[in-house]
Amino acid sequence: MSKTLSFLEAAWTLSRDHALAGRRREALTALRPLLDGTDAAGGPPVSVGLATMAHRLAGRLHFNAENYRAARNHLRAARRLSPGHAETHFDLGLAWERDPQGSDRFALHSYRRADRLNPGLPKYLAAHGRALVRNDRAVRGRKLLLRAAELAPGQPAILRVVVEGLRESGRAGEAYRLVVQAKFSAPQCRDVNRLYAEARFALSARAQSGRRVRPAVLAFPGVNVGAAVGCRRDGPAVVRPHPRRIRFRQG
């Protein structure tokens with residue numbers, strides 16, 4: 001038994017070291033005995049804790065390689081083994097969210113579960129709030145986003161999620177104010193400065209798209225319309241076109 005446990009622990013250590021070094025294939029190969037549930041000689045099952053960690057690591061490795069379906073399969077296996085592990089639900093939400101063929105609704109379910117299992121954690125609050133916005137529940141989503149920003153004012157990764165959620169809910173101005181506050185608190189932070197530039201651009205683009213187009217002012221030399229408008233002026237007349245209204249009769 002001790003030899004089997006030593007083998008399984010060695011497999012976990014080796015797979016973790018490969019993962020930290022960026023060797024994804026080697027890490028997944030070393031994880032195979034743990035994912036299969038037995039050692040290479042067909043020994044006793046892997047413990048629940050070790051199997052959970054193995055599936056979570058495999059899920060993250062596939063996630064980083066953008067193999068989102070494989071990542072979800074491993075994360076669901078980890079969820080079955082340890083349903084009360086909040087980070088597993090959070091990772092599963094990411095795998096649903098980042099996948100171009102994924103589901104905002106399933107991502108919301110996973111983020112909500114993570115938030116309920118570990119309430120008040122800013123990372124879970126922010127992800128939950130943004131997922132609510134993307135599922136047409138903007139009012140509740142904004143409350144969670146602002147709460148996350150309040151709890152983690154100096155964390156750019158969380159601030160990015162908050163800003164994206166507020167912007168997607170139509171609150172670009174509110175997102176900009178949060179970024180300005182963060183920039184004031186950490187003026188040298190590169191991530192915050194990047195967020196600040198993005199927020200300014202988004203706010204400017206929004207203002208440009210909502211700006212009304214004024215009528216053009218055209219000059220026609222030799223045309224005197226002073227009498228028509230009740231005034232006289234030297235030089236070319238200025239004609240200000242008026243909008244024409246088209247009425248449709250009901251027949």
Side-chain angles (χ1 to χ4, degrees), residues 56 59-60 62-64 66-76 78-80 83-153 155-182 191-192 194-212:
R56 291 192 64 245
R60 289 190 172 186
H62 283 295
F63 177 87
N64 292 336
E66 299 184 357
N67 299 326
Y68 299 111
R69 180 174 296 182
R72 289 195 296 269
N73 289 337
H74 284 290
L75 292 169
R76 280 192 288 256
R79 184 183 61 184
R80 287 192 297 270
H85 195 271
E87 192 71 8
T88 300
H89 293 275
F90 177 80
D91 288 345
L92 186 56
L94 284 176
W96 280 116
E97 177 187 284
R98 299 287 180 86
D99 188 353
Q101 306 300 323
S103 168
D104 287 334
R105 183 167 61 90
F106 289 153
L108 173 59
H109 294 333
S110 296
Y111 289 142
R112 180 189 293 124
R113 186 60 179 163
D115 191 19
R116 288 178 178 175
L117 287 170
N118 196 345
L121 193 67
K123 180 172 71 171
Y124 298 162
L125 277 172
H128 186 187
R130 186 178 60 179
L132 283 168
V133 170
R134 292 175 175 176
N135 282 271
D136 300 323
R137 299 178 60 185
V139 175
R140 173 62 176 164
R142 284 197 296 268
K143 289 181 180 179
L144 297 186
L145 289 168
L146 294 176
R147 178 61 176 161
E150 180 183 355
L151 292 173
Q155 299 185 30
I158 295 173
L159 182 60
R160 174 171 292 279
V161 177
V162 172
V163 167
E164 288 177 356
L166 291 175
R167 193 181 301 157
E168 291 174 16
S169 70
R171 298 296 183 94
E174 198 167 13
Y176 178 73
R177 286 191 292 272
L178 286 176
V179 175
V180 169
Q181 293 174 3
D191 293 332
V192 171
R194 187 179 297 112
L195 278 172
Y196 176 73
E198 293 173 1
R200 285 193 64 182
F201 178 81
L203 197 63
S204 176
R206 181 191 177 194
Q208 290 291 337
S209 64
R211 183 175 298 172
R212 295 183 178 179

Could you please spell out the steps behind the salt bridge (charged side-chain N to carboxylate O under 4.0 Å, His left out) verdict for R194 and D191? CA-CA 5 Å; R194 187 179 297 112; D191 293 332; 3.0 Å; yes
Supply the atom-to-atom distance [X] [atom1] to [Y] [atom2], rounded to the nearest 0.5 angstrom.
{"X": "D99", "Y": "N67", "atom1": "CG", "atom2": "CG", "value": "10.0 Å"}
{"X": "F90", "Y": "H128", "atom1": "CZ", "atom2": "NE2", "value": "12.5 Å"}
{"X": "L132", "Y": "R137", "atom1": "CG", "atom2": "CZ", "value": "5.0 Å"}
{"X": "R160", "Y": "E198", "atom1": "CZ", "atom2": "CD", "value": "4.5 Å"}
{"X": "E168", "Y": "R130", "atom1": "CD", "atom2": "CZ", "value": "7.0 Å"}
{"X": "L145", "Y": "R167", "atom1": "CG", "atom2": "CZ", "value": "12.0 Å"}

Taking atom types as modelled, find out whether R79 and T88 have a side-chain donor-acceptor pair closer than 3.5 angstrom.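 Checked: R79/T88 side chains show no N/O donor-acceptor pair below 3.5 Å.
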Please name the pair of heavy atoms, one in [X] and one in [Y], separated by the smallest distance, quoted to 0.1 Å.
{"X": "A126", "Y": "I158", "answer": "CB-CG2, 4.0 Å"}
{"X": "L75", "Y": "G59", "answer": "CG-CA, 4.3 Å"}
{"X": "G93", "Y": "A107", "answer": "O-CB, 3.6 Å"}
{"X": "A148", "Y": "L125", "answer": "CB-CB, 3.9 Å"}
{"X": "S110", "Y": "W96", "answer": "OG-CD1, 4.2 Å"}
{"X": "R56", "Y": "D91", "answer": "NH2-OD2, 3.1 Å"}

Using a strict threshold of under 4.0 Å (side-chain N to carboxylate O), is an ion pair present between R147 and E150?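 Yes, E150 and R147 are salt-bridged.
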[Y] side chain reached by [X] side chain, heavy atoms, under 4.5 Å:
{"X": "L146", "Y": "L166", "result": "yes"}
{"X": "H109", "Y": "R105", "result": "yes"}
{"X": "E97", "Y": "Y111", "result": "yes"}
{"X": "N73", "Y": "H62", "result": "no"}

